There are 2 protein chains.
Amino acid sequence: MTMAKTTKSELFEFDHPCPIRDVLDRIGDQWSLLILKSLEHNAMRFNSLHREIGDISRQMLSRTLKRLEKDGYITRTVYAQVPARVEYALAELGISFLKPMNTLIQWADENHQAICRARKRQN
Amino acid sequence: MTMAKTTKSELFEFDHPCPIRDVLDRIGDQWSLLILKSLEHNAMRFNSLHREIGDISRQMLSRTLKRLEKDGYITRTVYAQVPARVEYALAELGISFLKPMNTLIQWADENHQAICRARKRQN
DNA sequence: TTTATTAGTCTATAATGTAGACCACTTAAA
DNA sequence: TTTAAGTGGTCTACATTATAGACTAATAAA
């Protein structure tokens, strides 16, 4: 008997029981936040994002952008010119998200030292 | 020529160039936040955390607790009694962290619907 | 003609997360 | 006395995810 295997992420794609888990499973990864912060003050193209972030792989940049777009955090605009010009920009949801996120970033800035000290203390 | 391979996480263990990345690389994983929220109102033992969170593996619970302790978010107290009693509780840093985090959680609650709608819209 | 740009995709490999068996110990019930 | 269940974990085999870097096709500048 063959089973149409359902992965956890498929299972929870819609109507995740816990909002914050749903949000953080997406946004709390390695790269999403960095991308959103890069777009905070101006729209950007694929390759300039790649250069700005530096250590992200093209594949992960591509994937993460798609997810952010799908969830409504960013928009993707293709300009019909040659060579193609694709611009990524914050959508309403992304702008709104960065407000609470920025308070968290501020906390991180203020407490980074304390965390580093804690780490060193314990070897 | 053998190379003493250095992983990225080793490289950035101390003095990570970007505070928020450093913080989110640790806290933004699958489980850390869930654990911190479980400890928000009272200390807990290993197995009750395991039961409360439900779908975390023992290994990940163990690993994540160690990291949270090392970074100073939580404390681990062993009571010299039989059978052993090990309690995990929020440390100062953990309590302080949950303040900005809770505003983000509130945002997630308020915008979860919008995100789900965005996802459905795009297939 | 070589090089660089555009926005990505593809593949092989490395790193990470998972379930679930297992450990030594204690306690309580059958 | 055996059995089961609880304590706080570790270990192993496997599944999932991320990585680097080659590759695409088109265009433009040197």
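Protein chains get the first letters and strands the later ones, always in sequence-line order, with residue 1 at the start of each. Note that the coordinates shown come from a computational prediction; the quantities given were computed from them, not determined experimentally. Quick note: numbers below take in every heavy atom, side chains included, and nothing from hydrogens, waters or symmetry partners.
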Length of the OH-C1' vector between B:Tyr79 and D:dG6, whole Å: 19 Å
Distance, rounded to the nearest Å, where B:Arg63 contributes CZ and D:dT10 contributes P: 10 Å
Presence of B:Trp31 side-chain N/O under 4.0 Å of C:dT18 phosphate oxygens OP1/OP2: yes
A:Leu65 CG - C:dT9 P separation (whole Å): 10 Å
Any residue meeting salt bridge (Lys or Arg N to Asp or Glu O under 4.0 Å) with B:Arg85, in chain and number order, not counting sequence neighbours: B:Glu87
Would you list the protein and nucleotides 24-28 of chain D atom pairs, both N or O, that sit under 3.5 Å from each other?
none

Residues that B:Gln106 engages under side chain to side chain contact (heavy atoms under 4.5 Å, CB included), provided they are two or more places apart: B:Glu110
With sequence neighbours excluded, residues passing side-chain hydrogen bond (donor to acceptor under 3.5 Å, both in side chains) with B:Tyr88: B:Arg76
Whole angstrom value for the distance that separates P of D:dT10 from CG of B:Leu61: 10 Å
Interatomic distance, A:Leu68 atom CG to A:Leu65 atom CG [nearest 0.5 angstrom]: 6.5 Å
Pairs touching residues 38-63 of chain A that satisfy ring-ring contact (aromatic ring centres under 6.0 Å, His included), sequence neighbours left out: none
Most 5' of A:Asp29 and A:Arg58 on DNA chain D, judged by nearest nucleotide: A:Asp29
Check residues 92-105 of chain B and write down every donor-acceptor pair under 3.5 Å in which the side-chain atom is one partner and the other belongs to a residue at least two apart or another chain.
unit_1, atom_1, unit_2, atom_2, d
B:Ser96, OG, A:Trp107, NE1, 2.6
B:Asn102, OD1, B:Lys37, NZ, 2.6
B:Asn102, ND2, B:Glu40, OE2, 3.0
B:Asn102, ND2, B:Leu98, O, 3.0
B:Thr103, OG1, B:Pro100, O, 2.8

Atom pair OG/CZ of B:Ser32 and B:Arg67 - distance to nearest 0.5 Å: 5.0 Å
For DNA chain D, the residues among residues 43-51 of chain A that have a non-hydrogen atom under 4.0 Å from it: none
Length of the CE-P vector between B:Met60 and D:dC11, whole Å: 16 Å
Under 4.0 angstrom between B:Ser62 side-chain N/O and D:dT10 OP1 or OP2: yes
All salt bridge (Lys or Arg N to Asp or Glu O under 4.0 Å) counterparts of A:Arg45, not counting sequence neighbours: none
Non-neighbouring partners of B:Glu52 that pass side-chain hydrogen bond (donor to acceptor under 3.5 Å, both in side chains), sequence neighbours left out: none
Nearest-angstrom distance from the residue atom CD of A:Glu52 to C1' of C:dA7: 18 Å
Side chain of B:Gln59 (C-beta onward), nearest among D:dT10, C:dT9, C:dA19: C:dA19
Interatomic distance, B:Arg85 CZ vs D:dG8 P [rounded to whole Å]: 8 Å
Closest to the A:Lys66 side chain, choosing from D:dG9, D:dA20, C:dT9: C:dT9
